[in-house]
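Have a look at the structure below before the remarks.
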Amino acid sequence: MFYSIKKKSIITVVAIAVLVAICITGMANREVSAVFNNQSLRKVPVYGVDTQEKVVALTFDAAWGADKTQGILDILEKHGVDGTFFLVGFWLDKYPEMTQKIAESGCDIGNHSNNHLNMSTLSKEKISEELDYVTQKVKELTGKETKFFRPPFGDYNNTLLETVEEKNMIGVQWTVDSLDWKGLSATEILSRVNKGVKNGSIILFHNNSDNILEALPLVIANLKNQGYKMVKLSELIYQEGYTVDSNGIQHKLA
């Protein structure tokens, strides 16, 4: 009887040890896998910039309508700040003169694809066509190169970002989404920006949203009161000698 009990005890101890070893190994494997996936497999666009300076970028996506674009340009000029417009190909085709006015204002123009599709669903060849059309059209209308690309709906994958890089552009998202396209009031837009802004933020607006012309002066005044300078993306984003961490924050290499 004594021998039987001792044998069962030994078996129980061994079983517990094996289970503990399996759990520890599994956790280690998951940690290694997570690190590998973050650092080696998953590419991430720039959501914001690591900087000690109080500087941010105002950006405007333009896909439908242009009624308020001149008003945005007038507000930016009045307050002495710069912005960046991400233009879709069919918008460029419909509003060539407004595209030229944006360029003449000194604002940056970014690539927002030709047809505003979910880019992660497209083949590399189709992605290339979407990017090339806008790049060539902007060059034709303004003589300027497009240095930045923003994916429609914020939808991206490695194939898209690799293609963007091959075309010497940088993929850009945003730190603060104003949600102006949802019809938020000017004060609601101001509140969203104020809560999310920090050094190096990229702030997303839309050129034809309902209350952009009422909200923009409030946002600019509030940011200035906090000591922020508003610049175009080419003055905020590092275009060489940088890394982008897993959260999309761009860091300058020492």
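Please read these numbers as outputs of a predicted model, since none were measured by experiment. Heads up: numbering here begins at 1 and tracks the sequence.
Here the closest heavy-atom approach between residue Ala186 and residue Leu218 is recorded as CB-CD1, 4.0 Å. Residue Phe149 comes nearest to Ser113 through the heavy atom pair CE1-N, 3.7 Å, listed as atom of the first residue, atom of the second, then distance. In plain terms, the two heavy atoms of Ile249 and Val49 that are nearest each other are CG2-C, 4.1 Å. Across every non-hydrogen atom of Leu184 and Asn211, the tightest pair is O-ND2, 2.8 Å. Smallest separation of non-hydrogen atoms from Pro152 and Met119: CD-CG, 3.8 Å. In terms of heavy atoms, Gln52 sits closest to Asn199 at O-ND2, 3.2 Å.
Distance alone, capped at 3.5 Å, places no donor-acceptor pair between the Asn114 side chain and the Val134 backbone. Between the side chain of Thr146 and the main chain of Asn111, no donor-acceptor pair closer than 3.5 Å is present. Asp245 places a side-chain N or O within donor-acceptor distance of the main-chain N or O of Asn247, the cut-off being under 3.5 Å. Asn157 places a side-chain N or O within 3.5 Å of a backbone atom of Leu160 that can act as its donor or acceptor partner. Listed for the Arg192 side chain is a donor-acceptor partner under 3.5 Å among the backbone atoms of Asp177. Under the 3.5 Å distance criterion, the side-chain polar atoms of Thr142 are matched with a main-chain donor or acceptor of Val138. Between the side chain of Asn194 and the main chain of Leu190, no donor-acceptor pair closer than 3.5 Å is present. Within the 3.5 Å criterion, the main-chain N or O of Ile203 finds no donor-acceptor partner in the side chain of Ser201.
Residues Gln250 and Ile237 form a side-chain contact, since some pair of their non-hydrogen atoms from C-beta on lies under 4.5 Å apart. Counting only heavy atoms from C-beta outward, the side chains of Tyr228 and Val55 never approach each other to under 4.5 Å. Side-chain contact between Thr159 and Lys124 is present, with at least one heavy-atom pair separated by less than 4.5 Å.
Glu188 meets the salt bridge (Lys or Arg N to Asp or Glu O under 4.0 Å) test with no other residue; sequence neighbours excluded.
Remark: the Asp108 side chain and the Ser234 side chain contain an N/O donor-acceptor pair separated by less than 3.5 Å. Judged by distance alone, the side chains of Ser128 and Thr163 never bring a donor and an acceptor atom under 3.5 Å apart. With 3.5 Å as the limit, one finds no donor-acceptor pair spanning the side chains of Asp50 and Tyr238. For the residue pair Ser209/Asp180, the side-chain donor-acceptor check at 3.5 Å is satisfied.
Ring orientation note: the planes of Trp64 and His116 are nearly perpendicular, at an angle over 60° on the 30°/60° scale.
Atoms CG and CG, from Leu87 and Asn207 in turn, are 8.0 Å apart once rounded to the nearest 0.5 Å. Phe60 CZ to Ile102 CD1: the interatomic distance, rounded to the nearest 0.5 Å, is 10.0 Å. Atom CD1 of Ile75 and atom CG of Leu58 lie 11.0 Å apart (nearest 0.5 Å).
Both Leu141 and Val88 sit in one connected hydrophobic cluster of ILVMFWY residues. Membership requires side-chain heavy atoms under 4.5 Å apart, directly or through other members. Leu204 and Met230 sit in two unconnected hydrophobic clusters of ILVMFWY residues. Membership requires side-chain heavy atoms under 4.5 Å apart, directly or through other members.
Counting heavy atoms of neighbouring residues, nucleotides and ligands inside a 6.0 Å radius, atom NZ of Lys144 exceeds 12 of them. A 6.0 Å sphere centred on CD of Gln239 holds more than 12 heavy atoms belonging to other residues, nucleotides or ligands.
At a threshold of 4.0 Å, the pair Lys182-Asp210 does not count as salt-bridged, since none of the basic side-chain nitrogens sits closer than that to a carboxylate oxygen. At a threshold of 4.0 Å, the pair Asp61-Arg150 counts as salt-bridged, since one of the basic side-chain nitrogens sits closer than that to a carboxylate oxygen. The residues Glu165 and Lys43 are annotated as salt-bridged, a charged nitrogen and a carboxylate oxygen being separated by less than 4.0 angstrom. Taking 4.0 Å as the cut-off between side-chain N and carboxylate O, Lys137 and Glu140 count as a salt-bridged pair. Between Glu145 and Lys139 there is a salt bridge, since a side-chain N of the basic residue sits under 4.0 Å from a carboxylate O of the acidic one.
Within the structure, the side chain to side chain donor-acceptor pair (under 3.5 Å) test picks out no pair touching residues 77-91 (sequence neighbours left out).
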